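In each ligand, atom 1 is the first atom listed, and ligand 1 is the first ligand listed. Throughout, numbering of the chain's residues begins at 1 and tracks the sequence. Predicted model only: the values in this text are computed from it and were never measured.
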Amino acid sequence: MSPATPTRPEPVERATPLPRIRLLATGGTIAGAQTGGSRSYQAGAFSIDALIQAVPQLATLARLEVEQVAALGSQDMNEAIWLKLAARAEAALADPDIAAVVITHGTDTMEETGYFLNLTVHSPKPVVLVGAMRPATEISADGPMNLYNAVAVAASPDTRNRGVLVVANDEIHFAREVSKTNTTQVGTFKASHRGLAGLVHAGRLHLYAPPVLRHTTASEFSLAGLPALPRVDIVYAHAGMGRELIDAAVRAGAKGLVIAGVGDGNLNEAALTATAAAARAGVAVVRSSRTGGGVVERNIEVDDDALGFIASDELNPQKARVLLMLGLTRTADPRALQELFFTY
Ligand code: GLU
């Protein structure tokens with residue numbers, strides 16, 4: 001992470017009247033409560049109103065209005081809710097009086113939802129996802145400060161045109177770059193190679209360079225009239241991998257396959273034979289990597305040109321799946337799909 005020169009911290013004085021911000025609630029640990037012993041808990045058990053009341057300082061940042069879109073642990077997030085969430089975010093941002101959208105969300109799949117919205121919400125206004133690692137009833141719950149910081153980030157006019165952002169643990173992340181990297185720690189979110197969007201400490205912002213890749217207002221993807229997204233499955237590669245799960249995905253109707261490949265998106269002979277057959281049958285095959293870092297380049301150990309494969313470039317498997325689903329709404333041509341992976 002080597003951020004560019006930070007901008008000056010935002011002055012603490014806030015604009016008057018305070019910006020109007022629509023908060024779309026979906027559940028997650030930020031709205032979670034412990035249920036029994038000290039370790040078990042239920043995500044999404046609290047209403048968002050209770051969360052807001054627990055942070056009265058929010059009233060100094062913005063005029064918040066709340067819409068409950070879902071109430072679930074984000075392991076249950078799905079494509080139907082993504083479509084609804086994108087539509088609700090766009091509807092809110094189309095109101096000239098609304099300055100931004102904040103979305104409360106579980107941390108498990110926040111990176112996927114965030115990247116999906118980064119590609120489908122066509123607005124320069126801030127869209128900020130926020131979650132928490134500790135339930136609201138836990139000692140040192142991180143949700144209240146994360147929510148306060150997220151609203152401060154959304155309320156700042158300086159965060160317009162930066163794509164969808166994720167705020168947690170005093171960090172501002174680009175949804176495209178961020179990944180959950182730890183099962184329990186509050187510092188679970190890490191930025192990929194392109195680095196942090198900024199820092200936020202007690203509502204004071206320090207913003208770094210904006211993204212250079214296409215997002216939001218420049219995105220070509222449209223959800224208008226789309227009833228559902230095409231099926232894309234992820235298959236995890238490993239030593240001794242067989243072809244059976246790849247064949248099963250194709251039989252189940254997958255229009256696209258993302259391989260969480262070993263190393264530089266590699267897969268063994270059995271898996272290569274199966275994916276090559278899938279590609280010949282018209283299934284879009286993307287090679288990503290299970291390593292958690294690095295770029296998957298074309299034609300290194302796998303002949304992508306000959307096999308008709310797509311290299312995920314910088315995207316991890318779960319984000320490659322999001323882009324492939326959206327890409328398949330526009331084209332099934334592997335070359336055109338490859339261009340999308342270089343563009344977004
Ligand atoms: N699995 C739950 C979720 O993603 C809890 C994790 C969290 O929110 O931190 O919603």
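Taking 4.0 Å as the cut-off between side-chain N and carboxylate O, D305 and R335 count as a salt-bridged pair. Between E79 and R321 there is a salt bridge, since a side-chain N of the basic residue sits under 4.0 Å from a carboxylate O of the acidic one.
Residue I30 has no N or O atom closer than 3.5 Å to an N or O atom of ligand 1. No N or O atom of H105 sits closer than 3.5 Å to an N or O atom of ligand 1. Residue K180 places no N or O, backbone or side chain, under 3.5 Å from any N or O of ligand 1.
Between the side chains of E111 and N316, at least one donor N or O lies within less than 3.5 Å of an accepting N or O.
The backbone N or O of A132 sits nowhere less than 3.5 Å from a side-chain atom of N146 that would complete a donor-acceptor pair. Proximity of a side-chain donor or acceptor of R330 to a complementary backbone N or O of F221 within less than 3.5 Å is not detected.
Closest of all the heavy-atom pairs between V285 and A278 is CG2-CB, 4.4 Å.
Close approach of ligand 1 to G28 (heavy-atom distance below 4.0 Å) involves ligand atoms 8 (O), 10 (O). In the vicinity of G73, heavy-atom distances shorter than 4.0 Å reach the ligand 1 atoms 3 (C), 10 (O). In summary, the atoms of ligand 1 found under 4.0 Å from a heavy atom of Q75, numbered by their order in the structure, are 1 (N), 2 (C), 3 (C), 4 (O), 10 (O).
In this structure, G27 falls outside the shell of residues with a heavy atom less than 4.0 angstrom from ligand 1.
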